[in-house]
Every structure is written in structure tokens, then in C-alpha cells.
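A short worksheet on the structure shown next.
Model, not experiment: these values are computed from the prediction.
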Protein chains: 2
Amino acid sequence: MPHLKGLQENHLLAALPVDVQERLFPHMESVELPLGKVLYESGDTLRYVYFPTNAIVSLLYVMESGASAEISVVGNEGLIGVALFMGGESTTSRAIVQSAGLAYRLLGQRLKDEFNRHGALLHTLLRYTQALITQMAQTAVCNRHHSIDQQLCRWLLLSLDRLEGNELVMTQELIANMLGVRREGVTDAAGRLQRLGVIEYHRGRIQVLDRAKLESLSCECYAVVRKESDRLLPWAKYTDKV
Amino acid sequence: MPHLKGLQENHLLAALPVDVQERLFPHMESVELPLGKVLYESGDTLRYVYFPTNAIVSLLYVMESGASAEISVVGNEGLIGVALFMGGESTTSRAIVQSAGLAYRLLGQRLKDEFNRHGALLHTLLRYTQALITQMAQTAVCNRHHSIDQQLCRWLLLSLDRLEGNELVMTQELIANMLGVRREGVTDAAGRLQRLGVIEYHRGRIQVLDRAKLESLSCECYAVVRKESDRLLPWAKYTDKV
DNA sequence: TGAAGTCTGTACGTCGTCGTACATAGAGGT
DNA sequence: ACCTCTATGTACGACGACGTACAGACTTCA
């Protein structure tokens, strides 16, 4: 079976029973996800589902005015394309690559075929979807009540959890688009974090120096999402990250 | 079968095939949902699922500080207790009755038993869950970008869609808690709407006089949710409401 | 080496919402 | 009729985020 090792880097795939893996894996192909690539647009009928390994994909809604807001973020703990098995076939959001990397994709129909066997894949995907729901709900809360500074911390932590190492490759402009705030707002917040010695950044590269402090500066939203994800997706626990 | 007529007032139940109804309905009991009743608390293991008829239930997150934010709203188009069949058994949000009325409840295990037959109920519930996801996503967007005035309009419309008539029974204080804003902010916004002749209110009773205008004053979020709900839940179309 | 483009820093006035405080008015009970 | 409670109205300073404008610094490429 090709890519067998790489496929295991997606925790959701790795958690599937061997027989399910044997049916699915032969049909999966690896794809490079460059920064900014749009996997699907609002209203598009989904053709593939994507399982990221070291890539991160953001689901965001783009308003009529062009302004945007991130709904949730997906990395190696999950998949992009939930609407396929939920029955809607499309969503109102856009899926865009927020951190370049590798993913595996599978024809939607193949996923649905396996889903409709009503075995382990169904239960795994539904649990993942609930984790996604929790993240979306907390995004709504965070948007309502928390400052840009707090939201930036939350966002950095969510991204960090889905990457190896402690470096993020992304400009402040990009972060601003995700959070749905001005770029200057991110500059201010990031400047404060840098002065506190929590992060260090330079032209699109952000090093996290003090993760513990970052967590303490974040609002409760990160911890809520993280805790619920760990509960719902035991296979994806980031136990090495404190 | 008892309550047969009443049960049909929940559009999701009404849309189920007869054989599914015949298995489920005998186990359902009607319950009064008084204003403010908490159906479940954050972290509670869900025991029942609830199918509202003329009641409206809000899912909201309560922060450590006590402040809250509504995540989504559920009426006769759906059910409360999605986490039961998604596999998590509990959620991070609270379910609280926002508009008193009647609902039918069913033991969670009964629902799961039928869900695990992998028939019509499964597909219906998953489609409903996707509609719920859309609503939550749009709540996040709305919280980020829109004014209290716009959000109030959206919120009134969402509630109106789930009730008969054009009167809402709810104080500004309650609305403020749902939207996660100050009561004074709601007073200001509602005052403006009243001066425009769109609504008329008096001590906890709000009459909507000009629904069309209300829609035009609302942000795009309402239309997005409504359109997607109509698409995903064809059985729940509010075709009589323009 | 110079030019163009990208990324980040800073400033200033405006606006919406917040926190707080207090006033008014209708409803219900005795 | 009186009191009490609840719901709503109004005001004011504070603060965070916005829109806008522009400057500086680094990178890339000719």
C-alpha cells in the first residue's frame, strides 16, 4: 500500500481499524497544499475530502463585503469535507490552506461508501464532527467577548497544536484575515506578545518561545476546545505538548 | 398512538417515514417547557432528546465570568440533544428555554437504538445537524462583524420563524443575555426599531409589525441561515412566512 | 546597485459598545 | 391607595477596535 506511513500522520486515519484502512487507503492520493489554496468555495459541491498531515486548513466565511471570519481550523486531527457525509454536499464556508503542507485526499463517493457501511468510520467521523461543532461554538463566544490580544493567543495555540515544532509561517495580514480584524490590530497584539518574550517574529515567521505564558494570556476558549477535543478524539491527544 | 397530532407539529418528526414514527412515537412524552428551564447544563450526560413544537430553546455558552453567548436556537424544525447521536453524550453548552411552550421528549437510548438502524432517522438527523452547524458558523460571523441593531433583527427573525403569529414574549434583559450584550444596548436598538414602526413592544411582549423591513435591516446572516436551512431541511420550509 | 514589492510599525480621529448610575413607568399584591 | 417589583429609558465617561494614512525595514529581482 502506498504512502502507508504518511497516511498514519493524520490521526483520524490512524485511528481507524485495519480493515477500514485497507479499504480506504488504496484510493487515497497525496496532494501538496500550498498556502492560500482554496479546497472548496462556499456552495461548491464537494468532490473530495482532505485529510491533512502537516498542513492546516481554515474554514472561513466570506461576507458580501469581502470581509471574512474564521469558523474553525482543521489539521492532522481531522478532515475537510464534513458536509459530504452529513448529507448537505456543500457548505456556506470556504476552505483555505492556512499553513502549507501535505494532505491526502479521497473521492467523496469512496468516503460515503465506507460511511454507509455504518461501521467504525461512521462513529469516528461523527465524533470528529462534534469536536468541530465545539470549536465553532467557541469561536462564536470568543468573537463576542474577547479582545484581539486574547484571540490571537487562542489562534496561535490552535495552530501550534497542529504543527510540529514551534514555528508558524504566516504573516500578520493573513492572521488578521482569519480573525476578521485589521492587520494593524494584529501588529499591535503581536508586538505586545513579543515584548513580553512570548513570541518572536520576523517577516512571516513566528516562533513561540513560551507556550505556557501564551496559554495563560489566552482566553478560556482555547482550553475549552482543547479539552473537549481530547475527550472526543482520544486518538488525537497532543500529549507531548504542554 | 397518543399525541399523534401534536407530535406532527415538530417538522423533523413529521418528516420521518411512518415505520420510524411507529417505533418512536409510543415512547415519546409531552413536556411543558417553561421560560428559563434548563434542559441540560454544560458537561451533563444527556438523558433525553427534546423535540419542540411551539417552544424555542437556545443553546448558549456560559463563560467563567458568568457572561453568556448564544450559539444557536432550536425550534420545531429540529431537536435538542445532537451530542447523543454524534457520540459525545454531552456538550460544552447549556440548553435553556427561550420561549415557553410544548415539546416531546424521548429517552436518549431509544433515539440511539433507532439511529443505529441506519435508516431514515440517521440521514434526517445528520442533515439537521449540518443546518445547526451552519447556524453556529453564522453566529460566529455575526458576532465578529455586525452591530447590535443588525444582530437584534437577525435574532427576532430566527425566533419568529419558529413561532406562530407575530408576537414574541421576552424581555430585553433576556434578549441581551442571548446576544451576549448589555441590556441597555438592546433597549437602544429596540427603541430604534420601534420608532421605525418595525416592531412594537411593551413589558416583555414584542409585536413584529413589518417583517419585510426587519429583514432588510438585518445583516445577511439571517438570510444565509434561512436559505441553508431550507435547502437542508426541505420539510421545515416556512413557506407561509415571507 | 537600484527599484519594486512585501511586511511591519505608528499615529490620529471616529464610532460602537461597555460599565455604571439613576430615572420613569407599568404590574401585581395587600 | 400604597408599596414593591419588574421592565424600560437615558446619560456619561472609558475603552477597544476601526478606517486611514504614511513611514521604515527587509527581500527579491533586474
On DNA chain D, check which nucleotide each of B:E173 and A:H202 is closest to and give me the residue with the more 5' one.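 First, find each residue's nearest nucleotide; the 5'-ward one identifies B:E173.
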
Distance check: side-chain N/O of [X] vs OP1/OP2 of [N], anything under 4.0 Å?
| X | N | result |
| --- | --- | --- |
| A:R182 | D:dC18 | yes |
| B:H146 | C:dG16 | no |
| B:Y201 | C:dG26 | no |
| B:Q172 | D:dG9 | yes |

Are any side-chain N or O atoms of [X] and backbone N or O atoms of [Y], one a donor and one an acceptor, separated by less than 3.5 Å?
| X | Y | result |
| --- | --- | --- |
| A:Q135 | A:V73 | yes |
| A:E77 | A:H11 | no |
| B:R231 | A:G88 | yes |

Please report the end-to-end axis angle for the helix from C:dT1-D:dA30 to C:dT30-D:dA1, five pairs per end, rounded to 10 degrees.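 About 30° separates the two local helix axes.
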
Whole-Å distance separating the [atom1] atom of [X] from the [atom2] atom of [N]:
| X | N | atom1 | atom2 | answer |
| --- | --- | --- | --- | --- |
| A:R192 | C:dG9 | CZ | P | 12 Å |
| A:L193 | C:dG9 | CG | P | 12 Å |
| A:I175 | C:dT8 | CD1 | C1' | 12 Å |
| B:D188 | C:dC18 | CG | P | 10 Å |
| A:R205 | C:dC7 | CZ | C1' | 14 Å |
| B:R144 | C:dG16 | CZ | P | 17 Å |

Between atom CD of B:Q172 and atom OG1 of B:T187, what is the distance when rounded to the nearest 0.5 Å?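 Here the rounded value is 4.0 Å.
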
Do the side chains of B:Y40 and B:T91 get nearer than 4.5 Å, heavy atoms only?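 Side chain of B:T91 against side chain of B:Y40, heavy atoms only: contact under 4.5 Å found.
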
Check whether the side chains of A:R162 and A:S99 place a donor and an acceptor atom closer than 3.5 Å, and report yes or no.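 Side-chain D/A pair, A:R162 to A:S99: absent.
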
Say whether A:R94 and A:S68, considering side chains only, have a donor N or O and an acceptor N or O under 3.5 Å apart.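 Not at all, the side chains of A:R94 and A:S68 share no donor-acceptor pair under 3.5 Å.
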
Selected nucleotide, minimal atom distance to B:I148 side chain, candidates C:dT17, D:dA17, C:dT8: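 Output: C:dT17.
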
Pair of N/O donor and acceptor under 3.5 Å linking C:dT6 base with A:R203 side chain: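 Answer yes: a donor N or O sits under 3.5 Å from an acceptor.
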
Under the 3.5 Å rule, do the base of C:dA21 and the side chain of B:E184 count as making a donor-acceptor pair?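 In this structure, the two groups form a donor-acceptor pair.
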
If each of A:T187 and B:R183 is mapped to the nucleotide of DNA chain C with the nearest heavy atom, which maps nearer the 5' terminus, i.e. the 5' end?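 Of the two residues, A:T187 wins.
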
With a 4.0 Å cut-off on heavy atoms, is A:G185 in touch with a base, just the backbone sugar-phosphate, or nothing at all?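 Nothing: the residue A:G185, judged by heavy atoms under 4.0 Å, touches no strand.
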
